Number of protein chains: 2
Amino acid sequence: MFEVFFSHIQEKVSLNEVQKDILKTFFIPKKLRKKQYLLQQGDVCKYLSFVEKGLLMSYNVDDKGLEHINMFALEGWWSSDIHSFFTHENAVINIEALEDTEILMISSESFEEMTLKVPIMDRYFRILFQNSLFTKERRLISSISHTAQEKYIKFVESNPALVQRVPQNMIASYLGIAPETLSRIKKNIALGK
Amino acid sequence: MFEVFFSHIQEKVSLNEVQKDILKTFFIPKKLRKKQYLLQQGDVCKYLSFVEKGLLMSYNVDDKGLEHINMFALEGWWSSDIHSFFTHENAVINIEALEDTEILMISSESFEEMTLKVPIMDRYFRILFQNSLFTKERRLISSISHTAQEKYIKFVESNPALVQRVPQNMIASYLGIAPETLSRIKKNIALGK
DNA sequence: AAACTCTATTGACCTGGGTTAAGCCTATTT
DNA sequence: AAATAGGCTTAACCCAGGTCAATAGAGTTT
């Protein structure tokens with residue numbers, strides 16, 4: 001159950017067996033069925049979750065009632081409404097399983113305790129957040145300076161696994177374009193642009 | 001010189017005098033004149049900088065030669081090309097002073113050493129990055145689901161200080177809209193939308 | 001296998017905001 | 001104080017991509 005988990009953490013910091021055993025006590029394994037919610041907008045996000053197997057997506061519904069996918073989380077990714085998790089304010093996103101999924105969850109109280117008992121986890125999450133930060137930065141730049149077609153091409157290049165596993169209308173939503181537009185883009189690309 | 005600096009850090013973690021003295025040895029004070037570059041696209045970003053006084057902006061030039069402002073940094077904010085700073089790859093952004101500015105800089109080697117000598121700084125930066133992460137997330141959601149006018153109104157609400165200190169065309173660039181559009185939006189708002 | 005439900009495609013039409021270009025106003029610079 | 005530059009506004013025009021609507025598989029349910 002913890003294979004993917006420890007291997008991902010050890011890409012960033014090293015852990016000894018004692019630390020691993022302590023970590024295991026803080027995380028709760030959970031299985032989600034396809035289409036099952038992990039979090040609903042308006043609830044407080046009590047857990048930060050690591051995907052061991054499967055696929056999650058998070059999305060928000062805007063003031064006009066439109067859904068926008070914010071992020072997908074494959075094996076080895078974390079998912080949560082970070083703001084809600086750390087402040088206990090209401091979540092602004094929904095998290096849903098796109099496939100049957102196995103996760104490891106930690107509550108915010110446990111998170112606090114974990115960083116005190118295994119301080120190197122502050123370092124792990126510092127590195128994790130700093131990496132996500134620059135990925136988001138790139139996405140933000142891309143959302144402003146690229147055309148819909150350029151965004152799609154970049155997405156396919158950097159997320160080949162998702163293209164296989166996620167329906168096309170969800171990729172459109174993630175890219176912030178209409179599904180009809182994505183369909184036309186694919187046609188253009190097939191015709192050699 | 002370190003007043004704003006320590007007060008900001010101590011909003012997130014507490015430091016004793018010994019830790020403060022150690023930290024002081026890692027940071028280099030520097031003064032920048034208005035319009036002076038702190039970093040240019042293509043160079044490696046050697047420093048992470050904290051703004052004690054003044055105002056920085058970072059921007060990138062896209063494939064089409066268009067400039068996009070990514071972020072402003074007022075007193076109490078950090079600025080750098082995080083990715084370049086941590087990986088030593090070439091920076092994709094420029095950082096420039098919009099006013100005469102005083103900063104505290106730390107090199108990446110010093111950063112590493114600092115986190116080893118004062119491990120609570122891993123925690124400080126974990127919290128800092130996690131907060132920036134959710135701010136970026138919000139901006140990304142906003143860039144997709146709001147109209148140009150809504151984006152501007154939100155910006156004014158959440159950044160009143162910047163509206164005073166930054167020229168309008170730069171705010172337009174930050175919001176990803178044409179300066180002409182922003183001018184029209186302000187007119188609309190003045191006319192009661 | 002018929003009835004639903006989801007997803008993708010295609011066409012016709014429309015609009016928010018980009019582009020181009022001109023003119024104006026306020027600071028700097030010389 | 002004249003010249004130059006940077007910033008702001010306005011108008012005319014245009015287009016990438018959104019919206020609406022119809023059609024058609026592909027997968028599920030009864």
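What you see is a predicted model, and the numbers here were worked out from it, not measured in a lab. All chains are named by letter (A, B, ...) in the order of the sequence lines, taking the proteins before the strands, and each is independently numbered beginning at 1.
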Novice: Flag the pair Ile28(B) / Leu104(B) as yes when at least one side-chain heavy-atom distance between them is below 4.5 Å, and no otherwise.
Specialist: no
Novice: Taking CD from Gln149(A) and P from dC15(D), how many angstroms apart are they, rounded to a whole number?
Specialist: 18 Å
Novice: Can you tell me how far C1' of dC8(D) sits from OH of Tyr152(B), to the nearest Å?
Specialist: 12 Å
Novice: Test salt bridge (charged side-chain N to carboxylate O under 4.0 Å, His left out) on Lys31(A) and Glu52(A) and set out the steps.
Specialist: CA-CA 10 Å; Lys31(A) 294 193 180 198; Glu52(A) 267 282 321; over 6 Å; no
Novice: How long is the line joining CG of Leu191(B) and C1' of dT10(D), in whole Å?
Specialist: 13 Å
Novice: Return whichever of Arg184(A) or Pro167(B) has its heavy-atom-nearest nucleotide of DNA chain D closer to the 5' end.
Specialist: Pro167(B)
Novice: Tell me every residue that passes salt bridge (Lys or Arg N to Asp or Glu O under 4.0 Å) with Arg165(B), counting only those two or more places apart in sequence or in another chain.
Specialist: Glu75(B), Glu99(B)
Novice: Give a yes/no on whether any side-chain N or O of Thr181(B) is located under 4.0 angstrom from OP1 or OP2 of dG17(C).
Specialist: no
Novice: Side-chain N or O of Asn169(A) versus OP1/OP2 of dC6(C): is the shortest distance under 4.0 Å?
Specialist: no
Novice: Could you say whether Lys34(B) or His146(B) is positioned toward the 5' end of DNA chain C, judged by the nucleotide with the nearest heavy atom to each?
Specialist: His146(B)
Novice: Whole-Å distance between dG18(C) P and Asp62(B) CG?
Specialist: 14 Å
Novice: Just the rounded figure in Å: distance from P of dT19(C) to CG of Leu66(B).
Specialist: 7 Å
Novice: Does atom NZ (Lys20(A)) have a neighbourhood of more than 12 heavy atoms from anything else shown, all under 6.0 Å?
Specialist: yes
Novice: From the list dG17(D), dT10(C), dT10(D), which nucleotide is the closest neighbour of the side chain of Lys187(B)?
Specialist: dT10(D)
Novice: Measure the distance from CD1 on Ile144(A) to P on dA16(D) and round it to the nearest whole Å.
Specialist: 19 Å
Novice: Just verifying a value: how many Å separate Asn94(B) CG and Gln41(B) CD, rounded to the nearest 0.5 Å?
Specialist: 4.5 Å
Novice: Establish, with yes or no, whether the OP1 or OP2 oxygen of dT9(C) is under 4.0 angstrom from a side-chain nitrogen or oxygen of Gln168(A).
Specialist: yes
Novice: Can you check whether any acceptor in the base of dC8(D) is under 3.5 Å from a donor in the side chain of Glu180(B), or vice versa?
Specialist: no
Novice: Which residue, Lys35(A) or Leu182(A), contacts DNA chain C at a nucleotide closer to its 5' end, judged by nearest heavy atom?
Specialist: Lys35(A)
Novice: Where the side chain of Thr147(B) is defined as all heavy atoms beyond and including C-beta, which of dG18(C), dG17(C), dG18(D) is the nearest nucleotide?
Specialist: dG17(C)
Novice: In whole Å, what is the span from the CD1 atom of Ile189(A) to the C1' atom of dT9(C)?
Specialist: 15 Å
Novice: To the nearest Å, how far apart are Ile177(B) CD1 and dG18(C) P?
Specialist: 7 Å
